[in-house]
4 protein chains.
Amino acid sequence: MRANAREAIDTRERILRAAMKVFAMHGLFKAPLSMVAREAGVSKSLIFWYYGNRENLVREVVERVLPLDVIEGCVGKGLKGRSLAECVARRYLEKYEDATMRLLLLQVLSARGLLGLVDEAFRRICVEMLPVLAEGVWGERSKENIVKARMLFGSLLCYTLNPPNGIDREEYIRIILDTLGA
Amino acid sequence: MRANAREAIDTRERILRAAMKVFAMHGLFKAPLSMVAREAGVSKSLIFWYYGNRENLVREVVERVLPLDVIEGCVGKGLKGRSLAECVARRYLEKYEDATMRLLLLQVLSARGLLGLVDEAFRRICVEMLPVLAEGVWGERSKENIVKARMLFGSLLCYTLNPPNGIDREEYIRIILDTLGA
Amino acid sequence: MRANAREAIDTRERILRAAMKVFAMHGLFKAPLSMVAREAGVSKSLIFWYYGNRENLVREVVERVLPLDVIEGCVGKGLKGRSLAECVARRYLEKYEDATMRLLLLQVLSARGLLGLVDEAFRRICVEMLPVLAEGVWGERSKENIVKARMLFGSLLCYTLNPPNGIDREEYIRIILDTLGA
Amino acid sequence: MRANAREAIDTRERILRAAMKVFAMHGLFKAPLSMVAREAGVSKSLIFWYYGNRENLVREVVERVLPLDVIEGCVGKGLKGRSLAECVARRYLEKYEDATMRLLLLQVLSARGLLGLVDEAFRRICVEMLPVLAEGVWGERSKENIVKARMLFGSLLCYTLNPPNGIDREEYIRIILDTLGA
DNA sequence: CATGAATGAGCCTTCATTCAT
DNA sequence: AATGAATGAAGGCTCATTCAT
């Protein structure tokens, strides 16, 4: 029984991982579930047993990929100043260290307007978190600081779009934080 | 005859515009050509008459959306220092002023790995243009300056992802250039 | 062009006929469209070109099979007494002379509760037409006459359920009308 | 043990009842077993434990719904004349008093050609029982009397198709028997 | 007895593409 | 240049059925 339950969880997870891999390479909407099934080593039907329909599977993938947890995690820890910026940067880059996650992030971002989940995440990040971050890092919610917070995100996004070779993560973080005066 | 030729061009262009609109909202791969046809007010078959197949249509859309022209245009003008950075920033933001173009940019970026065209553009921008830009704006191709060039791009991308309200384009440009020491 | 239009109508009709045949034998809900397509000698997709979806095709079949036209046709002609009853009986039996139509009638009747169209037809026949028929044939809308009208329908339905051998249509009609005192 | 056995019977019966309910509303072929399972409050697999496969379950439902027992029961009692007709009518209407049974009867009738069981029942009723009934009620197997026997069935069927409101069962029986001269 | 997990077959539907006109 | 008609491939999903526990 317990073994069964554990196996079931494993299977569910295995499907999700397969979906992430396949969606990363073929797009959230273009990748057929048959491909996911093959990658997970299960039958197509089993995906429906666990996720009900394609949309639910996509949603779970999207939830894992969105960077909300990164930002909220750091802000929630009550950090201030450079430590806060550093926390966000490091966790962000760690989260998207894996090539699959990087590709997936792009796929998810491009699903704006198609997935309510993504729209909502955009709102949360751009409208809610940015000012909080600006205040936390640079002391006040001025226009300039909000732009700087955006620059921070943009710089991180740009890193994940195409990680530069010859510059390691920590160095990259140091340079952008220095440049942004954090 | 000439009127005919002009009309033909118009039709071709009308289809492309329709495709951009539809692809922006429904994704480069998910949007059916029937939708493009309806939006353009022509029959589905006519799309094939002008573009041969779906892939070609997508390719033309992608070409219009990629920001290569912006960067190469500014670099090609022989500008240096802040003027160069300003040129890139302003043209970039102008190009993606329209909401359709902004959504489309995301769709195109997410097509990496699926469209050779996009892969190639990534390479051109990240590997070739970034160092050129770094040198052009800050004087030398040091690691730091290349990171700054990335930060410039990231900041611009972040603007197009979700244009901040309350901050106009020129102000945004000024702040990021000041911050980047351009 | 005109030839084309005619051909298209023919194709549409051919599909409908095929559907009637296939639905009659395999049930309105069980028969796969692939079977209809094969019977009609067209591709499955073409069914969707003409009918949009399965439901629409079913609906058109149902409309052809329901006996509303028979009853309304006779009542609409202003007939009275035995002529009216005879009209209904004869047209009804003619309509369902064909074995396909007879099977189909059953399938359609059994779709009550599943197809609004059928529910509505039941209402029209049982609630609206029965009293009209009772009055038209026997002079007044008394309980007895309404039951007789039902008996007329029931007798006809019973004929189509399983046409008796050894008794031809006209004789059957004569006997039931005599028995019902029409 | 005995309690167990009784429970098992109960479960089997509960499944059958659930099937009748679900099949009545969704059709003998369209209703999924998962629906039956949910209605019965058991797992889908248990249906297979008791019935082996879908077909068997359908068959048991059909057997309960067919009116063979009604006719054979009355004929077997050796009744004659109006009493015989009355017996058939009353038992028939009692059997299909419940809305579920009425809908189910239709579903079963429409399964002709799909279920050997139903075909066989049709034959038994129309070919074997009808003449017997004609002779039992009206004295001889003449054409006219056989048609009258059909009219009796048809009238009853018509009642179950859509029970008239304002006319109770006994009255309905009286009128049709009077009209048929039974 | 009873269930959850797993599968394969098959269905409806969509869509890019082609062809005749 | 333009369209409607037609097709084949493939995808999402449902469902009966099986199996291990």
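Proteins come first, then strands; the chains are lettered A, B, ... in the order of their sequence lines, and each starts at number 1. The basis for the numbers below is simple: all heavy atoms, side chains too, and nothing from hydrogens, waters or symmetry mates.
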> Which heavy atom of D:Ala121 sits nearest a heavy atom of D:Leu66, and at what distance?
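Looking at all heavy atoms of both residues, the shortest contact is CB-CD1, 3.6 Å.
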
> Given atom CD1 of D:Ile47 and atom P of F:dC15, what is their separation to the nearest angstrom?
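So the CD1-P distance, D:Ile47 to F:dC15, works out to 13 Å.
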
> Which comes earlier along DNA chain F counting from the 5' end, the contact point of C:Val42 or that of A:Pro32, where each point is its nearest nucleotide?
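So the residue in question is C:Val42.
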
> Please tell me which of C:Phe48 and D:Gly41 maps to the more 5' nucleotide of DNA chain E, matching each residue to the nucleotide holding its nearest heavy atom.
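In this pair, the answer is D:Gly41.
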
> In whole Å, I'd like the distance from the OH atom of B:Tyr51 to the P atom of E:dC15.
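In whole Å, E:dC15 P and B:Tyr51 OH are 21 Å from each other.
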
> Describe the nucleic acid contact of D:Leu46 in one word from base, sugar-phosphate, nothing, applying a heavy-atom distance below 4.0 Å.
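Counting heavy atoms under 4.0 Å across all strands, the contact made by D:Leu46 includes a base.
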
> Counting the atoms with a prime plus P, OP1 and OP2 as sugar-phosphate, which does C:Ala37 contact under 4.0 Å by heavy atoms, base, sugar-phosphate, or nothing?
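Nothing: the residue C:Ala37, judged by heavy atoms under 4.0 Å, touches no strand.
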
> Return yes if the base of F:dT17 and the side-chain atoms of D:Lys44 contain a donor-acceptor N/O pair under 3.5 Å, otherwise no.
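In this structure, the two groups form a donor-acceptor pair.
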
> Starting at CG of C:Asn53 and ending at P of E:dC12, how long is that distance when rounded to a whole Å?
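Rounded to whole Å, this separation is 11 Å.
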
> When the distance from CG of C:Asp10 to C1' of F:dA6 is rounded to whole Å, what number comes out?
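Rounded to the whole Å, the gap is 15 Å.
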
> If I take atom CG in residue A:Asn56 and atom P in nucleotide F:dT14, what distance separates them, rounded to the nearest angstrom?
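Interatomic distance, CG of A:Asn56 to P of F:dT14: 11 Å.
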
> Is E:dG8 paired to anything, Watson-Crick or G-U wobble with both distances less than 3.5 Å, and if yes, which nucleotide?
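E:dG8 is paired with F:dC15.
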
> May I have the distance from D:Arg54 (atom CZ) to F:dT18 (atom P), rounded to whole angstrom?
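Taking atom P of F:dT18 as the reference, CZ of D:Arg54 is at 14 Å.
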
> So, is A:Tyr50 near the phosphate of E:dG4, with a side-chain N or O under 4.0 Å from OP1 or OP2?
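Negative; the distance criterion is not met.
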
> Whole-Å distance between F:dG11 P and A:His26 NE2?
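Whole-Å distance recorded here is 11 Å.
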
> Give me the atom names and distance for the closest heavy-atom approach of B:Leu109 to B:Val118.
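The answer is O-CG1, 4.4 Å.
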
> On the ring face of C:Tyr51, is C:Arg59 found with NZ or CZ under 6.0 Å from the centre and within 45° of the axis?
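Verdict for C:Tyr51: no cation-pi partner in C:Arg59.
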
> Rounded to whole angstroms, how far apart are CG on B:Leu33 and C1' on F:dT3?
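One finds 16 Å between C1' of F:dT3 and CG of B:Leu33, rounded.
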
> Does B:Ser43 or A:Lys30 map to a spot on DNA chain F nearer the 5' end, using the closest nucleotide for each?
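It is B:Ser43, whose closest nucleotide lies nearer the 5' terminus.
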
> Sort out for me which residue in C:Asp69, C:Leu16, C:Leu104 forms a side-chain contact (heavy atoms from CB on, under 4.5 Å) with C:Arg64.
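Among the candidates, only C:Leu16 passes.
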
> For B:Phe29 and for A:Ser45, find the nucleotide of DNA chain E with the closest heavy atom, then tell me which residue's nucleotide is more 5'.
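Upstream on the strand: A:Ser45.
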
> Within less than 4.0 Å of OP1 or OP2 of F:dA5, is there a side-chain N or O belonging to C:Trp49?
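For C:Trp49, the contact criterion (side-chain N or O under 4.0 Å from OP1 or OP2 of F:dA5) is met.
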
> Does a nitrogen or oxygen in the side chain of C:Thr11 sit under 4.0 Å from OP1 or OP2 of F:dA6?
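Yes, C:Thr11 has a side-chain N/O under 4.0 Å of OP1/OP2 on F:dA6.
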
> Under 4.0 Å between a side-chain nitrogen and a carboxylate oxygen: does that hold for C:Arg112 and C:Glu120?
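Salt bridge absent between C:Arg112 and C:Glu120.
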
> My understanding is that a pair needs two contacts under 3.5 Å, Watson-Crick or G-U wobble. By that rule, which nucleotide pairs with E:dT13?
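Pairing partner, where one exists within any strand: F:dA10.
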
> For residues 17-42 of chain C, please give each side-chain donor-acceptor pair under 3.5 Å, one per line with the distance, not counting sequence neighbours.
residue	atom	partner	partner atom	Å
C:Arg17	NE	C:Glu13	OE2	2.9
C:Arg17	NH2	C:Glu13	OE2	3.0
C:Lys21	NZ	C:Glu39	OE2	3.1

> Counting only Watson-Crick pairs (N1-N3 plus N6-O4 or O6-N4) and G-U wobbles (N1-O2, O6-N3), all under 3.5 Å, who is the partner of F:dA20?
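In the structure as shown, F:dA20 has E:dT3 as its Watson-Crick or wobble partner.
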
